[in-house]
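Data block below; observations after.
Starting from 1, each residue takes its place in the sequence as its number. Here the structure is a predicted model, which is why all the values come from computation and not from measurement.
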Amino acid sequence: MSIPKLNLKEFLNQNKGYEILKRCKDTTLIKLPNGELLKILDNELLNRITNTGYSLEDRLCEAEYLTDFTNFPWPIIMLEDEDIVNSYVMPYIPGVDFTDYYENIFDLTSYANIHSQIENNIKKGNNIGIVFPDLCTTENIRITDNNKVFFIDYDGLQIKQMPAVGFSDFLGTPNEVLKKKYYDYKSDLFTKELDIKSAIFLYFVDVFGINLAAANKINPHNGKVVTLDDIFSIINLDDVDIQQKVWKLFQSSEPNEFLEEDLYKIAEKYKLVMPFPNDPIKTLIKK
């Protein structure tokens, strides 16, 4: 069954009482009276999408064939303004976004279960031709009240041969991300390796408060290059298997690996404690 296409202005008139949840630099997110979400893209973002060779309408039509990936609230309506599809409606997923969730993590075993779901979602998406370049924008991850993980933000996906229009700058600069390992210039597509990098970067910043993108950069305090060994020393990480997986992220020919069971090894070895009253950062201590 194809996604119905409706007129945006008429649709809003029929759904009076809607609530504007968020206005970002290139999108507006609206909660409809029935709880569903309407996402409206501005002209600049629409042009960037169209410049990939595929319009937003093309992408929305493709969603019809991707619904086997059940951990995504797939678009259910597309809407047009002046004969151009510029918005879509998706089901609302009750719960919290990952930004709110990880700020309150103090049980690493429970968090390992959440992150394991993130890795499994990535694998399922990759298997049907989806890459998630903007995954580290943590508002794109939704945690339900029963701790089930959903990915959102359909227009940010790379879908089969339809390129994404950007990536999370949390992963580094374009010079660091748009390398052969992570980006195929012939097809203008990100590789699946980028999703594994995203997952590991996400885990390290959530649990250890360390952005791995700092590796190989100059430490402004001492003028020296930050090495991976420096990072491992700071967080007291001496597990060779995990170190090797992180090391591979920075190699041009070594394929990346998910953390998988290492998530639970870390959870057994470390614990998180509440910060002191004047310390805004979670404190990590070794058992």
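- Qualifying side-chain contact (heavy atoms from CB on, under 4.5 Å) partners for L6, counting only residues two or more places apart in sequence or in other chains: F11, I77, L79.
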Problem set entry | L41 vs D26, side-chain contact (heavy atoms from CB on, under 4.5 Å): CA-CA, chis, key distance, verdict | CA-CA 6 Å; L41 283 61; D26 48 21; over 6 Å; no
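- Contact check for K148 versus I93: no side-chain heavy atoms found under the 4.5 Å cut-off.
- L29 and L38 fall into different hydrophobic clusters, where Ile, Leu, Val, Met, Phe, Trp and Tyr side chains are chained together by heavy-atom contacts under 4.5 Å.
- Across every non-hydrogen atom of I49 and S55, the tightest pair is CG2-C, 3.9 Å.
- Summarising the geometry of F250 relative to L228, their closest heavy-atom pair is CE1-CD2, 3.7 Å, with the distance given to 0.1 Å.
- With a 4.5 Å cut-off on side-chain heavy atoms, I242 and L259 count as touching.
- Side-chain atoms of K181 come within 3.5 Å of backbone atoms of Q251 as a donor-acceptor pair (strictly under, hydrogens ignored).
- For Q117 (side chain) and N147 (main-chain N/O), a donor-acceptor pair under 3.5 Å exists by modelled atom type.
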For this session: Test side-chain contact (heavy atoms from CB on, under 4.5 Å) on V225 and I218 and set out the steps.
Result: CA-CA 4 Å; V225 174; I218 300 294; 3.6 Å; yes
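- Within a 6.0 Å sphere centred on NZ of K123, heavy atoms belonging to other residues, nucleotides or ligands number more than 12.
- When atom types are taken as modelled, the side chain of Y92 and the backbone of L32 share no donor-acceptor pair closer than 3.5 angstrom.
- Contact of the L202 side chain with the F98 side chain is registered, since non-hydrogen atoms from C-beta on lie closer than 4.5 Å.
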For this session: Start with the C-alpha distance between L66 and F69, add both sets of side-chain angles, then the distance that settles side-chain contact (heavy atoms from CB on, under 4.5 Å), and finish with yes or no.
Result: CA-CA 6 Å; L66 299 173; F69 179 37; 5.7 Å; no
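- Heavy-atom minimum distance, C136 versus S168: CB-OG, 3.4 Å.
- Rounding to the nearest 0.5 Å places CD1 of I231 at 11.0 Å from CD of Q243.
- Within the 4.5 Å cutoff, the side chain of L37 has no heavy atoms near those of the I152 side chain.
- In plain terms, the two heavy atoms of V96 and Y101 that are nearest each other are CG2-CB, 4.1 Å.
- Distance OG/S87 to CG/L12: 7.5 Å, rounded to 0.5 Å.
- Among all heavy-atom pairs drawn from K245 and I200, the shortest one is O-CD1, 4.4 Å.
- The side chain to side chain donor-acceptor pair (under 3.5 Å) search around E36 returns N34, not counting sequence neighbours.
- Of the possible donor and acceptor atoms, none in the side chain of S116 sits under 3.5 Å from a partner among the backbone N and O of A112.
- Under a hydrophobic-cluster definition in which Ile, Leu, Val, Met, Phe, Trp and Tyr are linked whenever side-chain heavy atoms come within less than 4.5 Å, directly or via other members, Y65 and Y54 are assigned to different clusters.
- A 6.0 Å sphere centred on CD of E82 holds no more than 12 heavy atoms belonging to other residues, nucleotides or ligands.
- The closest side-chain heavy-atom distance from Y203 to I266 is below 4.5 Å.
- Between the side chain of Y88 and the backbone N or O of D155 there is at least one donor-acceptor pair closer than 3.5 Å.
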Exercise. Can you list the steps and then say if L135 with I122 is a side-chain contact (heavy atoms from CB on, under 4.5 Å)?
Worked result: CA-CA 9 Å; L135 184 68; I122 290 172; 3.6 Å; yes
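- For residues 198-227, the set of pairs meeting the salt bridge (Lys or Arg N to Asp or Glu O under 4.0 Å) definition, not counting sequence neighbours, comprises E176-K217.
- Closest non-hydrogen pair, N140 versus D134, comes out as ND2-O, 3.0 Å.
- Inter-residue side-chain proximity for F190 and L178 is flagged as met; some heavy-atom pair is nearer than 4.5 Å.
- Atom CZ of R48 has more than 12 heavy atoms from other residues, nucleotides or ligands within 6.0 Å.
- Atom OG1 of T138 and atom CD1 of I143 lie 10.0 Å apart (nearest 0.5 Å).
- If you take CE on M90 and CG on L60, they are separated by 10.5 Å, rounding to the nearest 0.5 Å.
- In this structure, the side chain of N126 engages the main chain of I130 through a donor-acceptor pair within 3.5 Å.
- Here Q158 contributes atom CD and L189 contributes atom CG; the two are 4.5 Å apart, rounded to the nearest 0.5 Å.
- Considering only heavy atoms from C-beta on, F201 comes within 4.5 Å of N211 through its side chain.
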Exercise. Do D42 and K25 pass the salt bridge (charged side-chain N to carboxylate O under 4.0 Å, His left out) test, and can you show the C-alpha distance, the side-chain angles, and the key distance before you say yes or no?
Worked result: CA-CA 9 Å; D42 74 2; K25 63 178 182 179; over 6 Å; no
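- Legend: ring pair (Phe, Tyr, Trp, His ring centres under 6.0 Å) pairs involving residues 123-162, not counting sequence neighbours, sorted by first then second residue: W74-Y154, F132-F151.
- A continuous path of Ile, Leu, Val, Met, Phe, Trp and Tyr side chains, each step under 4.5 Å between heavy atoms, connects I3 with I128, placing both in one hydrophobic cluster.
- Among residues two or more places apart in sequence or in another chain, the side chain to side chain donor-acceptor pair (under 3.5 Å) test is passed with K179 by none.
- Taking hydrophobic clusters as Ile, Leu, Val, Met, Phe, Trp and Tyr residues chained together by side-chain heavy-atom distances below 4.5 Å, I76 does not share a cluster with F72.
- For the 3.5 Å distance criterion, the side chains of N146 and T144 qualify, holding a donor opposite an acceptor.
- Cluster membership for V240 and V246, using ILVMFWY side-chain heavy atoms within less than 4.5 angstrom, is not shared.
- Between N47 and E44 there is no side-chain heavy-atom pair separated by less than 4.5 Å.
- When atom types are taken as modelled, the side chain of E193 and the backbone of N256 share a donor-acceptor pair closer than 3.5 angstrom.
- With sequence neighbours excluded, the residues that form a side-chain contact (heavy atoms from CB on, under 4.5 Å) with Q244 are W247, K248.
- No hydrogens or angles considered: a donor-acceptor pair under 3.5 Å links the side chains of T227 and D230.
- Between D239 and K269, none of the side-chain N atoms (NZ, or NE/NH1/NH2) sits under 4.0 Å from a carboxylate O, so this pair counts as no salt bridge.
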For this session: Show your working on salt bridge (charged side-chain N to carboxylate O under 4.0 Å, His left out) between K192 and D195 and close with a plain yes or no.
Result: CA-CA 5 Å; K192 297 176 183 179; D195 284 345; over 6 Å; no
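- Summarising the geometry, atom CG belonging to N104 is positioned 13.0 Å from atom OH belonging to Y111; distances are rounded to the nearest 0.5 Å.
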